[in-house]
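Quick note on labels: first sequence line is chain A, next is B, and so on, each numbered from 1.
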Amino acid sequence: MSADALTSGGPVSSAGRDRRQVRKFPVKQVLGLAGILGFLGTWELIPRLGIINERFLPPASEVIVALVRDFGLTAFWIAVVETMTAWFLGLVIAVALAVLLGFVIGSSDFLRKATNSTVEFLRPIPSVALIPLAVLLFGVKIESSLMLITYAAFWQVLIQVLYGVADIDMVANNTAKTYGLGRMARIRYVVFPTALPYLMTGVRLAATVALVLAITAELVIGSPGLGREIALAQSGGAISGMYALVLATGLIGVLINAVMRFIEKKTLSWHSSVRSEVIV
Amino acid sequence: MKPLKTLGYVLALPVLLVLLWWASTLGAVNFFVPTPATLVAKFGEVWFGPRFFSDVLPSLGRLLVGVVAAIIIGVVGGVLIGSVKWLRALLEPTLEFFRAIPPPVLVPVLILLMGITDSMKVAVIISGCVWPVLLNTIEGVRAVDGVLSDSAHTYGIDGWARVRYLVLPSASPQIMAGVRQSLSLGLILMVISEMFASSSGLGFTIVQFQRSFAIPEMWSGIVVLGLLGVAMSFIFQWAERNILRWYHGQKEVENAA
C-alpha cells in the first residue's frame, strides 16, 4: 500500500526511471512487498497461535477487514476531513507566520541578534505543554488543535527560513543592488529563491509534526477527528476498529510524506540539488 | 565592551517581554494569566517540594530509560539493516510505514497490550523514538564512503572492528541528527503517556491542575516542561559537539578550502 502511494507521487518526472526499471527485474520492489506481506503474516500468526490474546491484538486480516469497512462509512470520512482540516489550517497559519517573521528577522542583522536567545529558548518547549492552556482557552474545539499545531509547526519553518535568508549570496545581492533593484525586488528575485529550498525542507518537517500534533490534540483533548475516534474505539472495546484507525493514520502519514516530497520536487525543479537527483 | 554588547543582545528581548507581561497584568486581574511574581512564587512552592520526588523524577527516569533504549535499538538495528542489502530492501517500505504512524496513537494500543504501567510508558517512548534513529542510522550506514570501505576491506578490517572503526564513525553525524529528533519526540511522548492514563508524573500533574482550575500552578508546570526542553537541547548540543568534534573540524577545513 505504501509503495503504491510513493511511486504514484511523481508520474511525470519519474517516467524515465520507470522505463529503466521495467527492463530489469524489479528486485527491490518485490522484496519490499515481501517485507510488507511478511509483516502482515507475522501479525496474523501471533494472535492465532495465542502468543498474545486475540482480544488485545486481533489478527491482521480482521483489522484489514475493519479498515475496508471504515472506508465505506461516512463517519470515518468525516473524522478524516476533520483531522485534515485542522492539519491544513494549522500548517498554513504556521507557515504564513513563520515566512513573514523569518524574512523580517532574517534580513536585519540587529533583529537576528536580538531575537536569537528568545527563539532558542522558545523553540525546544514541547508543544504538548500547551495542551492544558488550549483546553482552558478553547475547550474541545478545533481551535485547541490549531493552537498546538501552529505552535509546533511554526518553529520548524521559522528556523529554516532564518537559515535560508542567512545563506544569501552576497555577490548576487550586490549585483542586484548595482542594477538598481529595489528592496522588494531583491527580496523577490534574490532572497526568496535562496531561501526557498530551506523553506520547503521546513514545510516538509512541519507537515509531519502538524499531523502528530493534530492526532495528539484529538486523542488527549478530545477535539473531533481520527484521534478521538481511536480513543473512543479503545474505551468502547472496538479493538479491531481501533487498530484499523491506527493503520489509517499511518496511511495518511505516508500520503502526506509523498505529497510533500512531490511538491518539493515541483517547486524546486530549477534547483541544482533536485536537478542532479533527477539526472542520476 | 564586546561581551557587554553580546550580553545586551541575549538579554534585551527576554527582559522586554517579561516587562511587557508584568505591565499588562498590572491593572486588571486576568483569570488566565498570572502575574510574574505569582508564577515565580508558585513555581518554587509547587515543584521544589515532595512533588519533585513523586512526579518529576519518575517522569525523567522513564524518559531517560526510553530514549536510551530507543537509541541502542535504533543504532544496532540500523547498522544491521544498513549493512545487509537484501534486508534493507525487504524492510524499508514496512519501516517507512511505521515511521509515518503518528507516535501518540500508539498510546491506546500499548495501554491495551500492556496495561497502565510504568513499562507501558517506557514502551510508548521507545516505540516513538526508535524510528528517527533507526532510519537515520540506515541512511548513514548506507552512505559510508566507498573508498574507505574498500580500503578497510583490503587491510582485512572486518566484523566488529569494521563496525567500530569505520561504520559507526562515518554514520555518526546522521545518527546524531536522528537522536536530536527523537529527544524532542521523547519529551512529547512522555507527557502524552502521562496525560492519557496515569496517576503520577509531570503530564498528569499539569492536567490535574488545569482540571481543578489552579491556573498559576498549571502555568508553572508549563514552565517546567519548557525548561526541561531547553535543558535537553543544551545537553544534546554539548554531547554533539564532543562526539562530532572531528566532523565539524573536517567541515570547517572543507568550507575554508
In terms of heavy-atom pairs under 4.5 Å with chain B, which of A:G32, A:A231, A:A34 leads?
-> A:G32
Kindly give the heavy-atom pair with the smallest separation between A:G250 and B:A100, and that separation in Å.
-> O-CB, 3.7 Å
Can you find a pair of side-chain heavy atoms, one from A:L247 and one from B:F97, that are under 4.5 Å apart?
-> yes
Counting only heavy atoms closer than 4.5 Å, note whether A:F110 contacts chain B via side chain, backbone, both or neither.
-> both
What are the two closest heavy atoms between A:P132 and B:M218, and how far apart are they?
-> CB-SD, 3.6 Å
Given a strict heavy-atom distance threshold of 4.5 Å, which part of A:L122 is in contact with chain B: side chain, backbone, both, or neither?
-> neither
Could you look at B:V191 and say if it's the side chain, the backbone, both or neither that has a heavy atom under 4.5 Å from chain A?
-> side chain
Full working for side chain to side chain contact (heavy atoms under 4.5 Å, CB included) between B:I215 and A:L136 = CA-CA 9 Å; B:I215 306 299; A:L136 214 55; 3.2 Å; yes
Euclidean distance, A:I36 CD1 relative to B:T94 OG1, rounded to 0.5 Å | 5.0 Å
Within residues 210-217 of chain A, contacts to chain B at heavy-atom distances under 4.5 Å involve A:L211, A:V212, A:I215, A:T216
Is B:E96 close to A:V254 at the side-chain level, that is, under 4.5 Å between some pair of heavy atoms?
-> no
Any B:P14 side-chain heavy atom under 4.5 Å of A:S117 side chain | yes
Do the side chains of A:V220 and B:I192 get nearer than 4.5 Å, heavy atoms only?
-> yes
Name the option with the most non-hydrogen atom pairs under 4.5 Å to chain B; the candidates are A:G227, A:A129, A:A248.
-> A:A129
Select one option (side chain, backbone, both, neither) describing which atoms of B:L183 are under 4.5 Å from chain A's heavy atoms.
-> neither
Starting at CG of B:L90, measure out to CG of A:L31 and round the result to the nearest 0.5 Å.
-> 5.5 Å
Please state whether the side chain, the backbone, both or neither of B:L17 comes within less than 4.5 Å of a heavy atom of chain A.
-> side chain
Could you pull out the closest heavy-atom pair between B:L13 and A:A114, with the gap in Å?
-> CB-O, 3.6 Å
Apply the test side chain to side chain contact (heavy atoms under 4.5 Å, CB included) to residues B:L91 and A:F39: give CA-CA distance (whole Å), side-chain angles for both, the deciding distance (0.1 Å), then the verdict.
-> CA-CA 9 Å; B:L91 294 180; A:F39 165 71; over 6 Å; no
Is there side-chain contact between B:L112 and A:M242, with at least one heavy-atom pair below 4.5 Å?
-> yes
Contacting region of B:S233 [heavy-atom separation from chain A under 4.5 Å] | side chain
By a 4.5 Å heavy-atom criterion (distance strictly below it), what part of B:F209 contacts chain A: side chain, backbone, both, or neither?
-> neither
When rounded to the nearest 0.5 angstrom, what distance separates CG in A:L219 from CE in B:M195?
-> 12.0 Å
Check whether B:W219 gets within reach of chain A through its side chain, its backbone, both or neither, counting any heavy atom under 4.5 Å.
-> side chain
Greatest number of non-hydrogen atom pairs under 4.5 angstrom with chain B, of A:P124, A:G253, A:G38, falls to A:P124
Measure the CG-CG distance between B:L113 and A:L57 for me, rounded to the nearest 0.5 Å.
-> 6.0 Å
